[in-house]
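Provided herewith is a single structure, encoded as structure tokens, for subsequent inquiry.
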Amino acid sequence: MSYEKIIITGNIGTTDVLTSGAGNAYVRMSVAVNRGSKENRKTIWYSVLLFGKLAENADRLKAMYAKGRLVLVEGRPQTEAFVKKDGTAGLENSIIATQHPELLDFKSDQ
């Protein structure tokens, strides 16, 4: 048996409600994770995907997971190759969420 799991904490960049080819709604968030010290900081962006029951009430989730919020995400890692607008190859770091991302900034508007 094989198993993969990734856990990140970072700040949300965007949250979008999208529709799959089968017509099912899903949620995609971009989450920035900073590595290194302030002088040598590098930001890694992850695309976090919520499907099925995790994507129910997608519009509510979009409002709750607003830009700048600090979240903890747990899920299965996935890397996908794509072609950038300039024609060069790129990689997208994705996480298929296995539970709702946890808000860590404890704002009162939840």
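Keep in mind that the numbers below use all heavy atoms, side chains included, and drop hydrogens, waters and symmetry copies.
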Separation of Y26 OH from S20 OG (nearest 0.5 Å):
7.5 Å
Between CZ of R76 and CD1 of I6, what distance do you get to the nearest 0.5 Å?
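That separation rounds to 11.5 Å.
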Determine whether H100 and L61 make a side-chain contact, defined as any pair of heavy atoms from C-beta on separated by less than 4.5 Å.
yes
Same cluster (ILVMFWY, side-chain, under 4.5 Å), V48 and L103
yes
Report the distance from atom CG of L50 to atom CG of L18, rounding to the nearest 0.5 Å.
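Answer for the CG-CG pair, L50 versus L18, is 11.5 Å.
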Give a yes or no on whether the backbone of S94 and the side-chain of S47 come within a donor-acceptor separation of less than 3.5 Å.
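No.
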Taking atom CD1 of I7 and atom CD1 of I95, what is their separation to the nearest 0.5 Å?
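One finds 10.0 Å between CD1 of I7 and CD1 of I95.
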Are V71 and I44 linked, directly or through intermediate hydrophobic residues, by side-chain heavy-atom contacts shorter than 4.5 Å (ILVMFWY only)?
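Yes: a chain of side-chain contacts under 4.5 Å links I44 to V71.
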Value for CD1 (I8) from CG (N93), rounded to nearest 0.5 Å, stands at 9.0 Å
Assess whether atom CZ of R41 is packed by more than 12 heavy atoms of other residues, nucleotides or ligands within 6.0 Å.
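Enclosed.
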From CG (D59) to CE (M64), nearest 0.5 Å:
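Interatomic distance, D59 CG to M64 CE, rounded to 0.5 Å: 12.5 Å.
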Check whether any side-chain heavy atom of F51 lies under 4.5 Å from a side-chain heavy atom of L49, and answer yes or no.
yes
Please check if the side chain of D86 supplies one atom and the backbone of T88 the other of a donor-acceptor pair under 3.5 Å.
yes
Please check this pair: side chain of Y46 against backbone of G10, looking for a donor-acceptor N/O pair closer than 3.5 Å.
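The answer is no, because no donor-acceptor pair under 3.5 Å joins these two groups.
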Honestly curious: do L104 and I12 fall in one hydrophobic cluster under the side-chain, below-4.5 Å linking rule?
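No, because L104 and I12 fall into different hydrophobic clusters, even though each may have its own neighbours under 4.5 Å.
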